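All chains are named by letter (A, B, ...) in the order of the sequence lines, taking the proteins before the strands, and each is independently numbered beginning at 1. All of these numbers come straight from a predicted model, not from anything done at the bench.
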Protein chains: 2
Amino acid sequence: MAPRARSPRVPSSSRARILAAASAEFAARGFDGAGVDRIARQAVVNKAMIYYHFASKAALYREVLRDMFCAAGERVRAIASREIPRAAKVREFVAALAAEAERRPHFPPIMLRELAEQGRHLDPETLRLMHVMPATLRSILRAPTGGREAGVPDPFLTYCSLLGPVMFFFASAPVRTRITRLGLAQVDGPPLADFVAYMQRTAMRLMAEGSGAARPLRRARSSRRRHAQRPRP
Amino acid sequence: MAPRARSPRVPSSSRARILAAASAEFAARGFDGAGVDRIARQAVVNKAMIYYHFASKAALYREVLRDMFCAAGERVRAIASREIPRAAKVREFVAALAAEAERRPHFPPIMLRELAEQGRHLDPETLRLMHVMPATLRSILRAPTGGREAGVPDPFLTYCSLLGPVMFFFASAPVRTRITRLGLAQVDGPPLADFVAYMQRTAMRLMAEGSGAARPLRRARSSRRRHAQRPRP
DNA sequence: GTCTATAAATAGATAGAC
DNA sequence: GTCTATCTATTTATAGAC
């Protein structure tokens with residue numbers, strides 16, 4: 001059976017090393033590709049220790065996922081609660097995504113894998129944590145701004161347009177390096193600061209709904225109650 | 001050993017069924033998670049048949065990847081060669097990505113998985129095929145337009161901003177369905193036509209480099225020869 | 001908390017008949 | 001081209017000593 005359910009934050013050192021090694025292994029190989037043996041070796045820990053701290057490979061994976069989405073969620077929530085203009089919040093939101101991906105390099109690959117995995121490893125609680133990011137962006141975009149900016153951009157489409165490129169940019173780095181090394185092309189990508197600045201400008205453009213020739217997105221046959229995002233009842 | 005290297009396009013029916021079943025299985029489970037047994041069952045074919053047609057699970061996977069990137073590459077190349085304005089090509093490029101994802105639902109998840117996989121399963125030839133999409137977008141954006149539109153948007157960043165959301169949108173559908181079913185929120189996403197229209201508008205906004213307050217992206221400390229994308233020498 | 005040894009199941013791959 | 005039976009390696013997981 002498992003040790004005390006880590007109520008006090010004493011990660012026992014080996015537990016923390018296992019989590020770190022596991023997130024690296026899961027990011028690089030995926031849940032099925034990851035080996036408990038490899039995780040143990042990388043954590044400089046005996047394999048049996050993993051089963052002492054975690055009930056199973058799946059439980060270990062769940063812990064990695066929750067840590068990840070929890071950290072990302074808290075980061076963006078902190079931004080939403082600040083007393084700054086809506087546009088500034090959106091810029092900070094973008095910077096937060098990139099900062100989180102930079103600080104935890106395993107975040108983007110694991111996120112992309114989980115999407116492809118169709119949520120097979122995602123229990124309800126983890127799904128809820130994963131949903132904090134889009135829900136927070138929505139609250140930022142929908143919040144009354146006290147004045148102008150009548151045209152509110154679609155929260156979900158905006159989320160796709162921001163998170164998609166950020167995840168793609170970070171997760172694609174190794175493949176791009178390989179393409180470059182092979183001499184197919186040079187696709188190193190810009191420095192991080194440039195990328196963030198670009199994405200922030202993109203975000204501002206996406207928010208400019210009513211300006212120029214842009215007209216509000218018209219919904220084609222808005223069948224049933226599709227694409228509404230309501231808060232909990 | 002393998003049968004005749006399929007010079008004439010006679011997929012022998014069972015071979016085609018195997019490929020179809022394999023792409024579904026690889027998309028849903030990834031290379032390591034996929035089971036040759038499951039592929040055989042889904043293709044209504046004996047497992048040994050798979051090894052009659054393909055040298056190994058890895059070889060089968062490579063074939064799936066190449067078919068996929070080949071189709072996507074040809075589709076966008078056809079657009080680049082048409083005699084239409086640059087902006088129209090970009091809009092068509094976006095529509096092509098979405099159409100390809102719609103026609104081959106396994107394309108987005110496999111693409112995302114391969115990024116996360118750091119190209120472990122990508123041999124040089126497959127990498128080359130994968131690179132056709134960004135290279136084609138670059139040629140579209142960089143081509144002389146004969147006149148105005150001086151500010152050329154960054155090809156790689158534009159690629160991230162278009163492909164990222166498209167892959168994200170399609171690949172996230174199953175997870176979004178689960179979130180909706182759980183009652184966490186309604187994130188069905190808009191109908192395909194709306195999404196494409198939105199992404200096309202986004203593309204147009206990204207191309208409007210010099211307009212309004214937007215200034216060309218300034219590179220921060222462009223260390224070494226980073227982020228240049230040169231054609232083959 | 002840590003380690004050795006091992007059980008138990010799975011899955012990729014092949015031999016060989018038809 | 002197709003199928004049955006099987007070999008072999010890998011891998012999750014656990015029992016139990018220290």
Side-chain angles (χ1 to χ4, degrees), chain A residues 1-65 113 117 120-121 123, chain B residues 1-65 113 117 120-121 123:
Chain A
M1 60 206 88
R4 109 214 83 102
R6 70 215 126 76
S7 314
R9 269 295 162 203
V10 185
S12 80
S13 174
S14 73
R15 191 178 196 276
R17 282 207 311 279
I18 291 170
L19 276 172
S23 89
E25 174 77 357
F26 285 131
R29 308 252 188 176
F31 178 77
D32 292 298
V36 178
D37 260 316
R38 257 194 303 267
I39 293 174
R41 200 167 349 111
Q42 210 183 337
V44 197
V45 151
N46 190 283
K47 180 167 62 162
M49 275 307 293
I50 291 180
Y51 290 98
Y52 172 75
H53 283 294
F54 303 92
S56 64
K57 180 184 174 182
L60 172 57
Y61 186 56
R62 217 179 314 132
E63 191 79 10
V64 168
L65 286 181
R113 281 184 196 278
E117 206 71 22
R120 190 174 295 113
H121 309 290
D123 58 308
Chain B
M1 63 204 86
R4 110 213 83 99
R6 71 215 127 75
S7 314
R9 269 295 161 203
V10 185
S12 82
S13 174
S14 72
R15 192 177 196 275
R17 282 207 311 279
I18 292 171
L19 277 172
S23 90
E25 174 78 358
F26 285 131
R29 307 250 189 179
F31 178 77
D32 292 298
V36 177
D37 261 315
R38 258 194 302 267
I39 293 174
R41 199 167 347 111
Q42 210 182 337
V44 198
V45 151
N46 191 282
K47 179 165 67 160
M49 274 308 292
I50 292 181
Y51 290 98
Y52 172 76
H53 283 295
F54 303 92
S56 64
K57 180 183 174 183
L60 172 57
Y61 187 55
R62 215 178 315 132
E63 191 79 8
V64 168
L65 286 180
R113 280 184 197 279
E117 205 71 21
R120 189 174 296 112
H121 308 290
D123 59 306

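- The closest donor-acceptor contact from the side chain of B:Arg17 to the backbone of B:Ala40 lies at 3.5 Å or more, if one exists at all.
- If you measure from atom CG of A:Asp37 to atom C1' of D:dT10, you get 9 Å, rounded to the nearest angstrom.
- Relative ring orientation between A:Phe31 and A:Phe26 is described as parallel, the plane-to-plane angle staying below 30° on a 0-90° scale split at 30° and 60°.
- Mapping B:Val44 and A:Val36 onto DNA chain D by nearest heavy atom places B:Val44 at the nucleotide closer to the 5' end.
- Between A:Asp32 atom CG and D:dT12 atom C1' there is a gap of 12 Å when expressed in whole angstrom units.
- Considering only the side chain of B:Tyr52, D:dG1 comes nearest among D:dG1, D:dT12, D:dA15.
- Distance CD1 (B:Ile50) to P (C:dA13): 10 Å, rounded to an integer number of Å.
- Distances shown here put a side-chain N or O of A:Ser14 below 4.0 Å from the OP1 or OP2 atom of C:dT2.
- In terms of phosphate contacts, A:Tyr51 brings no side-chain nitrogen or oxygen within less than 4.0 Å of OP1 or OP2 of D:dT14.
- A sub-4.0 Å separation between OP1 or OP2 of C:dG12 and a side-chain N or O of B:Ser56 is absent.
- Checked by atom type and distance alone, the side chain of B:Arg120 pairs as donor or acceptor with a backbone atom of A:Ala28 at under 3.5 Å.
- Taking 4.5 Å as the limit, some side-chain heavy atom of A:Asp32 sits within range of a side-chain heavy atom of A:Glu117.
- One atom, CZ of A:Phe54, and another, P of C:dT2, lie 13 Å apart when rounded to the nearest Å.
- Atom CZ in A:Arg15 sits roughly 10 Å away from atom P in C:dG1 (whole-Å rounding).
- Look at A:Asn46 and you won't find any side-chain N or O under 4.0 angstrom from OP1 or OP2 of C:dG1.
- The interatomic distance linking A:Arg29 (CZ) with D:dT10 (P) rounds to 13 Å, in whole Å.
- B:Lys57 places its NZ atom 8 Å from the P atom of C:dA13, with the value rounded to the nearest Å.
- Of the residues A:Glu63, A:Met49, A:Arg62, the one that meets the side-chain contact (heavy atoms from CB on, under 4.5 Å) test with A:Phe54 is A:Glu63.
- Atoms NE2 (A:His53) and P (C:dG1) sit 6 Å apart, rounded to a whole Å.
- Using a 4.0 Å heavy-atom cutoff across all strands shown, A:Ala34 reaches sugar-phosphate atoms only and no base atom.
- Side-chain atoms of B:Met49 lie closest to D:dT2 of the nucleotides C:dA13, D:dT14, D:dT2.
- Of the residues near DNA chain D, B:Val45 and A:Arg38, the one whose nearest nucleotide (by heavy atom distance) lies more toward the 5' end is B:Val45.
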